[in-house]
**Student:** 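Okay, here's the structure, questions in a sec.
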Amino acid sequence: MGRIEITRWRPEYELELLKRWEEEGLYREVVDLAADESYVVIDTPPPYPSGAWGVAQAAHYAQIDMVARALRLLGYKVLAPFYADRNGLPAEVATEKAFGIVAHEMAKTPEGREAFLRLVSELLDKNEEALVRVWKRLGCAFDYWPDGTDSPRYRAMTQATFIEMWKRGLVYRDVKPVQWCPRCRTSLAEAEIDFVKEVGRLYYVKFRVLETGEEVTIATTRPELLAACGAVIYNPRDDRYRHLEGKHAVVPVYGHSVPILAHEMARPEYGTGLAMMCSYGDVRDLVFFKEQGLKPRVIVEKDGTMNRLAGPLEGLKVEEARRRIVEMLRGEGLLVNEEEIVHEVPVCWRCKTPVEIIHVEEYFLRQLDFKDDVLRVADSMEFYPVEHREKLDIWVKSLAMDWPISRTRYYGTEVPIWTCTKCNHVILPAPGKYVRPWRDPPPVDSCPSCGAPRDAIVGESRVFDTWFDSSVSVLYVVNWLERPEVAARALSRALRPQGYDIIRTWLYYTTLRTWLLTGRPPFRWVRITGMGLDEKGRAMHKSLGNVIYPEPYLEKYGADAFRFWSAVASRLGSDYRWSEATVRSGLLFATKIVNIARFVTSFEEPRGGASLRPLDRAMIAYAARTAREVAEGYGKLDVYEPTLKLYHLIWDVFASNYVEMVKPRVYGRAGFSEAEVAGAVHALYRVLRLSLKLLSPIMPFICDYIWRAVEGGTVARERLTEDDLRDEGGDPGLMERVVELNSAIWKWKKERGMRLGERVEGVLYLPEELRDVAEDVKRFHRVREVAVGKPEAWDFELMPGVYLALDRGTG
RNA sequence: GGGCCCGUCGUCUAGCGGCUAGGACGCCGCCCUGACGCGGCGGAGGUCCGGGGUUCGAAUCCCCGCGGGCCCA
């Protein structure tokens, strides 16, 4: 077949191959979930197109592609889609910034809302395009689905899951305290909250003990919440206040009395050691009120102003209220002291407004009732590596609240509900169609409950938390909406690849939702990767300014080199550190492979008539053993171990030892038979081919390039066969011994200042187990004579059992 | 503030109760080049995060710190 002419691997060759792959349709693997048996569905993480990928994300997707290709090599059909997660706040914010607009203003009319949505969508299109460009350049053979999570198809499915859960009573509408941004006027998920260090003031306020009249001092940063104070606490270990147990404190200004309790939440060293608990200053208050069964008194409104219950502070913004109450306290001599402190304040991540906790009506998904089920389901999935399963278990056990799933935002899947304003009756559409209640007419002509006319029925304007969408990604991939039975079965062939940072969100929510909807585990396999770190070992964040982008490195070293790094950067599940040096090693490895192939293909492959020497069989057996190990690693969804093993096989054993040893034979200067020469060439081709197949999931470009020259066709369609794993009766251990022996002889020559090709005038004595390769060793190292056994006298013991007796009298 | 995970040459790691802690990348020196400046041989580099304990014996088990990460507050 063809010969390899190039001597060096260059990134430009990859661009040529990409074109061919595109033409040959390599990216479209047709998997019929209903008919095919042996397939794997990959629930590729739909990325959020809010910005460009750094090397960490690029590496993550490259690894997913390696797994997909590896599973194909092992004989599975693999569905590996790629689509974008396009719902959510970040794109809205970016759009507001780019055009200097405010979503809440525009969305006051349906037309304005529509216009805003178009702008967001266009921005997403642009960003998504950039992501697609990167993974294609990386050689990822994903099936690109232009329909992302904001497509009518996906949203119809999300809504169908909601309708189903509503009907089964799994979601409900309720008024509960949530974290709220007064400026954006929306509930916030935990993920949407930032903490900023801020210089604030700690105020020491005098309270009176109801029963004894004693005066105590309480330190607080939120004196404006005095009206909402529900308790005063001290730490149970704090002797100073133990005598207050069971008594009550009278709240200054407002005059109501609250219980004084011992509680772990109080920190003795903070302020005076006495703290007031209000509804609500922060999340700890929330937990406290719930735990103690205290009745909250909500004094802050949705717009961040104080209400009637705040008495003299009514109508003031929170900050103004704080100034006012401080003046009042000071005037009455109740302010004992104030000091400056630096504390962490929870703020809305987008506008940095301090978050308030207030009661609002939202939709909630019941999750507390299903903790045991989720644990059981999680237990039935295979985790790679298994250690990370615990993160999910721990999280599930710690859950304390139902999941608020609605958001007052715009670019998201709408909550598919209409409500009758007359009787509060809830009207749901039929599942299967994407509806927009803020714009679409209700699906009924009059209220089915009270008969109120159509215009008394209003559509819900809120959208879902993005996790509500993304937690059904696997159902989208298996097409649950259209073929629920087929989809449910396909879940048993589904694989989830993701980072460990979102186990508590994406993996948890997916497990919960899939189990509730289908009664099954969402996945058979869960593959958990670590986080990408910069060269100094810090997580890469835009805010830290240490994000490294892949493009310049792809241009300089190529995708194979980049993929090589991402495969060997760390063991599966551990954090991986960026290393340009390793990327460079990847390129050198590709060049090495080119030259091995160049050497091998300079000989015509024999058609029969080959006689294999034991050395050839040993090499083949060694390669076959590696192949089995690599296949096993791939089967465990690992690319780290397989890549290191292949590197060792190809470079250290095959190139440095076997190839060098057979040179005397194939160049015809050692007096071997024709059949034996053919045997060497046969083995060279055999090992080359096997290496290319095995390495093709990791470095598809170089492998495909050579495969096309040697075999014709693409290596991407090749499967690992029984034939590949045959060892020809050879002994892999023999090959290892040969490597050791060569090393020992090289070292000996080196120490004596000899050139490696220099003749050795003497007799080399080999142990019995190396008898079969004696002739090859003799020709390779140019030793005058090789014998087997231990001599009576010798000059050097090169390694245990190997002796060298030099000739006498000649020099 | 809480929970969990992790700390072995500069880096990635092997070892998980018992030989002088092994390998790879990088670095330094020497050498080589009829596939490849690709490599070969040698060298430097580790108090196995620190402290205490268990044990005849600990990188390995236990406890306390310190440092890093993730998540939740």
Side-chain angles (χ1 to χ4, degrees), chain A residues 3-9 179 190-191 193 195 264-267 269-270 282-288 343-344 346 385 387-395 397-401 499-505 507-508 528 530-531 533 535-539 564-565 567-571 573-603 640-641 643-645 647-648 650-652 654-657 659-660 662-664 666-667 669 684 688 742-758:
Chain A
R3 295 172 67 132
I4 300 294
E5 303 297 345
I6 59 175
T7 57
R8 190 173 233 200
W9 186 247
Q179 311 210 58
E190 275 81 7
I193 290 169
F195 288 84
E264 290 292 341
M265 269 184 195
R267 284 179 287 158
E269 70 287 356
Y270 186 80
D282 58 26
V283 178
R284 290 172 50 211
D285 288 336
L286 189 69
V287 173
F288 182 83
H343 60 156
E344 294 220 316
E387 304 91 84
H388 285 305
R389 181 206 309 275
E390 200 170 340
K391 284 197 165 72
L392 181 59
D393 284 9
I394 290 165
W395 172 236
K397 286 174 186 155
S398 76
L399 288 168
M401 280 191 277
Y500 64 70
D501 54 332
I502 49 175
I503 287 176
R504 290 162 178 206
T505 46
L507 183 57
Y508 165 67
I528 302 288
M531 300 292 105
L533 308 175
E535 241 156 0
K536 295 195 184 88
R538 295 174 311 175
F564 177 81
W565 161 71
V568 301
S570 84
R571 221 174 45 235
S574 305
D575 292 347
Y576 48 101
R577 193 175 284 212
W578 171 247
S579 160
E580 185 175 351
T582 306
V583 177
R584 191 176 156 267
S585 301
L587 179 57
L588 294 180
F589 187 34
T591 291
K592 188 74 186 177
I593 294 167
V594 163
N595 284 291
I596 292 168
R598 189 173 141 85
F599 173 76
V600 173
T601 57
S602 69
F603 305 99
Y640 172 80
E641 290 285 344
T643 308
L644 290 181
K645 289 213 157 85
Y647 189 85
H648 180 66
I650 293 169
W651 203 315
D652 303 334
F654 188 52
S656 297
N657 285 276
V659 166
E660 294 302 327
V662 297
K663 272 183 185 173
V666 295
Y667 282 140
R669 62 166 144 79
L684 287 170
L688 173 65
N742 286 338
S743 194
I745 296 172
W746 282 328
K747 182 178 172 185
W748 178 81
K749 281 190 174 177
K750 158 81 187 152
E751 278 165 355
R752 310 223 346 141
M754 295 170 70
R755 283 177 297 107
L756 296 186
E758 207 167 317

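Below, chain A is the first sequence line, B the second, and so on; all start at residue 1.
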**Student:** Find the partner of B:G67: check Watson-Crick (N1-N3 plus N6-O4 or O6-N4) and G-U wobble (N1-O2, O6-N3) distances, both under 3.5 Å, and reply none if neither fits.
**Tutor:**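 Across any shown strand, B:G67 pairs with B:C6.
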
**Student:** By the 4.0 Å heavy-atom rule, please label A:Thr582 as base, sugar-phosphate, or nothing.
**Tutor:** nothing

**Student:** Between A:Phe599 and A:Phe603, what is the ring plane arrangement, given parallel below 30°, perpendicular above 60°, and tilted in between?
**Tutor:** perpendicular

**Student:** Go through the N and O atoms of the side chain of A:Lys391 and the base of B:C4, and report whether any donor-acceptor pair is under 3.5 Å.
**Tutor:** no

**Student:** Roughly how many Å apart are B:A44 and B:G52, using the P atom of each and rounding to a whole number?
**Tutor:**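 So the two P atoms sit 30 Å from each other.
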
**Student:** Strictly by Watson-Crick or wobble contacts shorter than 3.5 Å, is anything paired with B:G57, and which nucleotide is it?
**Tutor:**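 Looking at the geometry, B:G57 pairs with no nucleotide.
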
**Student:** Does A:Glu758 have any side chain to side chain donor-acceptor pair (under 3.5 Å) partners at least two apart in sequence or in another chain, and if so, which?
**Tutor:** none

**Student:** Base, sugar-phosphate alone, or nothing: which one does A:Lys749 contact when heavy atoms must sit under 4.0 Å apart?
**Tutor:** nothing

**Student:** Name the orientation class of the two ring planes belonging to A:Trp395 and A:Tyr508 (parallel below 30°, tilted from 30 to 60°, perpendicular beyond 60°).
**Tutor:**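 Correct class here is perpendicular.
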
**Student:** How long is the line joining CG of A:Asp575 and C1' of B:C6, in whole Å?
**Tutor:** 9 Å

**Student:** NA contact type, A:Tyr640, heavy-atom cut-off 4.0 Å: base, sugar-phosphate, or nothing?
**Tutor:**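 Here A:Tyr640 touches the backbone only, sparing every base.
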
**Student:** At 4.0 Å (heavy atoms only), tell me whether A:Glu660 reaches a base, stays on the sugar-phosphate, or touches nothing.
**Tutor:**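 It contacts base atoms.
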
**Student:** Roughly how many Å is it from CG in A:Leu587 to P in B:C38, rounded to a whole number?
**Tutor:**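 After rounding, the gap between these two atoms is 9 Å.
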
**Student:** Report yes if a side-chain nitrogen or oxygen of A:Ser743 is closer than 4.0 Å to either non-bridging phosphate oxygen (OP1 or OP2) of B:C41; otherwise report no.
**Tutor:**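 Indeed, a polar side-chain atom of A:Ser743 lies that close.
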
**Student:** Can a salt bridge be assigned to the pair A:Glu580 and A:Arg584 using a cut-off of 4.0 Å between side-chain N and carboxylate O?
**Tutor:**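 Not counted as a salt bridge, because no side-chain N and carboxylate O are separated by less than 4.0 Å.
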
**Student:** What's the CH2-P distance between A:Trp565 and B:A24, to the nearest Å?
**Tutor:** 23 Å

**Student:** Looking at residues at least two apart in the chain, or sitting in another chain, which of them share a salt bridge (Lys or Arg N to Asp or Glu O under 4.0 Å) with A:Lys391?
**Tutor:** none

**Student:** Answer with yes or no whether A:Arg504 presents, from its side chain, a donor or acceptor under 3.5 Å of a partner atom in the base of B:C71.
**Tutor:**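 Yes.
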
**Student:** Could you give the distance separating B:G26 and B:C62 at their C1' atoms, to the nearest angstrom?
**Tutor:**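 Per the computed distance, 38 Å lies between those C1' atoms.
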
**Student:** Taking atom P of B:C38 as reference, at what distance in whole Å does atom CZ of A:Phe599 sit?
**Tutor:**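 It works out to 19 Å between those atoms.
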
**Student:** Taking the C1' atom of each, how far is B:U54 from B:A14, in whole Å?
**Tutor:** 26 Å

**Student:** Could you state the CE-P distance from A:Met531 to B:C4, rounded to the nearest angstrom?
**Tutor:** 20 Å

**Student:** B:G2 C1' sits how many Å from A:Trp395 CH2, rounded?
**Tutor:**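 Spelled out: CH2 on A:Trp395 to C1' on B:G2 is 13 Å.
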
**Student:** Could you give the distance separating B:U33 and B:G7 at their C1' atoms, to the nearest angstrom?
**Tutor:** 44 Å

**Student:** Specify the separation, in whole Å, of atom CG of A:Asp501 and atom P of B:C5.
**Tutor:**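 Rounded to the whole Å, the gap is 18 Å.
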
